2 protein chains.
Amino acid sequence: MAKQKELISNLHIPGIVPSISIDCVVFGYLEKKLHVLLIKYKDTQSWTLPGGFLYEGAEMDETATNIVSSRTGIDNVYLNQFYTFSSLDRHWKHKKKDWECLQTLLAKLPERDQKPFEELMIQRYISTAYFVLLNAAEVRVKPDIHGQLCNWISLSEIPELVLDHNEIVNKAIRALRKRLNFLPIGKTLMPEKFTMSDFQTLYEAILGKYLDRGNFQRKIMKLGFLIRHEKLMTGAQNKAPYLYSIDHEVYDKLVAEGIGF
Amino acid sequence: MAKQKELISNLHIPGIVPSISIDCVVFGYLEKKLHVLLIKYKDTQSWTLPGGFLYEGAEMDETATNIVSSRTGIDNVYLNQFYTFSSLDRHWKHKKKDWECLQTLLAKLPERDQKPFEELMIQRYISTAYFVLLNAAEVRVKPDIHGQLCNWISLSEIPELVLDHNEIVNKAIRALRKRLNFLPIGKTLMPEKFTMSDFQTLYEAILGKYLDRGNFQRKIMKLGFLIRHEKLMTGAQNKAPYLYSIDHEVYDKLVAEGIGF
DNA sequence: ATTTATTTTGTTAATTTGACAAAATAAATC
DNA sequence: GATTTATTTTGTCAAATTAACAAAATAAAT
């Protein structure tokens, strides 16, 4: 049966479900690239996903929503729970860099809280992970709370993260790709109005491959969930692209059945 | 932030991660139908999924494997973690029938264990759920352990289950359907050798729709992961169907990329 | 009017899907 | 040994989809 290598007694803060946390991989689409919301602890070199504990009176979805909204100010986000991580290495003593980061953070706490908090962090945590889709243009990121810096980072520039958070991000991207056909990325990741090529670039960013412009446009328009508006005047010396928006009624139905790509 | 309706202190059994459990939806293919492994508590009318607690030294995957192997004797099963359930109603006091069942079970315990065990069961549990695919023909179900009866039940005959276990089963079926193209159902659910029509019936059972026999056969054979063997002699007055088995090397590659259906 | 970059539509071959029908098969029975 | 029977296997063909390129249309600025 189960091995019991280290039998650590389970400490916890009253009112909080012990041993459980929630982590969120928040996707946003900025400057034609997919970005993820990451946190950096001040005075350290450690980055982390936005996350938090689960309160005893709270549902997980609610908690994930709160985590995201406290950073972004947006409170109706598209949530997708994709995996629960439970590796025995999920504690702050496993990697040297994490341990050092923790010491720096502990030093800022009142003396009497340091020991208990440290003990909390060397327990193995089970973390249920969500990916979250939101319209980055609407977001006003709160850059600094509790000495944590919040930033949009593009997928190609993700630094080393705390614990197994890199693995979580990677798994989130794979989940995003796999579920793409059933996700309302048009509603959630795009601004109110957008150009066709912008929409295509989003698909390309998620799928990680080039799509034919002509074929993409024809396919999307045939699905019939885009409403064409006036053109976007950039001041450039070329034809202005049309702007499009989503016909929500049509789109919701299509997404429920799955948009084949 | 999080509401704290009922602030119950978190009790737990030493060595076990508090508030967390694992539940398994075990799929098997029997008599041309999909079945699920269910448990019935003796002397009650309550059915449940096979499940258990998470030990502090154990990974979740390992735990799910143990749960299944203790019931079936099989210890290399195909696991797929699909969701973590955290509703505030996930405790044995929520539904009257569950509560009565619990009382019956408690009565069988030694006096001194009754109160503590009851207190454990009225806490909200977070349950990470797996679906498991295995070859039902290999399984020798252990029908009775700890006063629990273990049975294969076909999807159309699933009774009312304890807690939110019906919801868990339904979500497992939906997950099975959605991930079908990436699941090695041929290796895991079918016996060593099988007929084409049997294989087709499996697909039909999962997808819940009729498939054209000719087209199915052509498509599968074109994929090239089936090896044809001798015919199956049933004694019936008709052409004997060929038996097929899986070419694992080819199949694994195809499943990794996704077999389109 | 011309330049320019981008959108939009066309075209075509190749492939896949869906629906149905016909042929082949082989064991058992008469 | 011919016949019956149920099932597998192959055939056909129209319709739809995909993939890859090419050409045309567009409109703002020069």
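So that the names make sense, note that chain A is the first sequence line, chain B the second, and so on, each numbered from 1. Every heavy atom of this structure was used, including side-chain atoms; hydrogens, water molecules and symmetry mates were not. Note that the coordinates shown come from a computational prediction; the quantities given were computed from them, not determined experimentally.
One atom, CZ of A:Arg218, and another, P of C:dT11, lie 11 Å apart when rounded to the nearest Å. To the nearest angstrom, C1' of C:dT9 lies 13 Å from CE of A:Met196. When the P atom of C:dT8 is taken as reference, atom CD1 of A:Ile220 falls 13 Å away, rounded to whole Å. If you measure from atom NZ of A:Lys209 to atom C1' of D:dT18, you get 11 Å, rounded to the nearest angstrom. As rounded to whole Å, 7 Å separates atom C1' of D:dA20 from atom CG of A:Asp212. The separation between A:Leu211 atom CG and D:dT18 atom P is 12 Å, rounded to whole Å. The interatomic distance linking A:Leu243 (CG) with D:dA27 (C1') rounds to 15 Å, in whole Å. When rounded to the nearest whole Å, the span between CG of A:Asp198 and C1' of C:dT6 equals 14 Å.
Within the structure, a side-chain polar atom (N or O) of A:Tyr244 is placed less than 4.0 Å from OP1 or OP2 of C:dT8. Listed pair B:Arg228 / D:dT9 meets the phosphate criterion, a side-chain N or O lying under 4.0 Å from OP1 or OP2. Residue B:Lys219 places no side-chain N or O under 4.0 Å from the OP1 or OP2 atom of C:dG18.
Here B:Lys187 pairs with B:Asp252 in a salt bridge; the nearest charged N to carboxylate O distance falls below 4.0 Å.
Candidate nucleotides D:dA27, C:dC20, C:dT9 were compared by shortest atom distance to the side chain of A:Tyr242, and D:dA27 ranks first.
Nucleotide C:dA19 forms a Watson-Crick or G-U wobble pair with D:dT12, both donor-acceptor distances falling under 3.5 Å. The partner of D:dT5, taking Watson-Crick or G-U wobble pairs whose two distances both stay under 3.5 Å, is C:dA26. The nucleotide C:dG10 finds its pairing partner in D:dC21, both defining distances of the Watson-Crick or G-U wobble pair being shorter than 3.5 Å.
Residue whose closest nucleotide on DNA chain C sits further toward the 5' end, between B:Gly214 and B:Lys222: B:Lys222. Comparing B:Asn215 and B:Ser197 by the nucleotide of DNA chain D that holds the closest heavy atom to each, the one mapping nearer the 5' end is B:Ser197.
You'll find the ring centres of A:Phe216 and A:Tyr203 inside the 6.0 Å limit. A:Tyr83 and A:Phe85 have their aromatic ring centers within a separation under 6.0 angstrom.
For the pair A:Arg90 (side chain) and A:Tyr125 (backbone), a donor-acceptor distance under 3.5 Å is present. Although no hydrogens or angles enter the test, the distance criterion places no donor-acceptor pair under 3.5 Å between the side chain of B:Glu192 and the main chain of B:Ser245.
Among the heavy atoms of the strands, none lies under 4.0 Å from B:Phe199.
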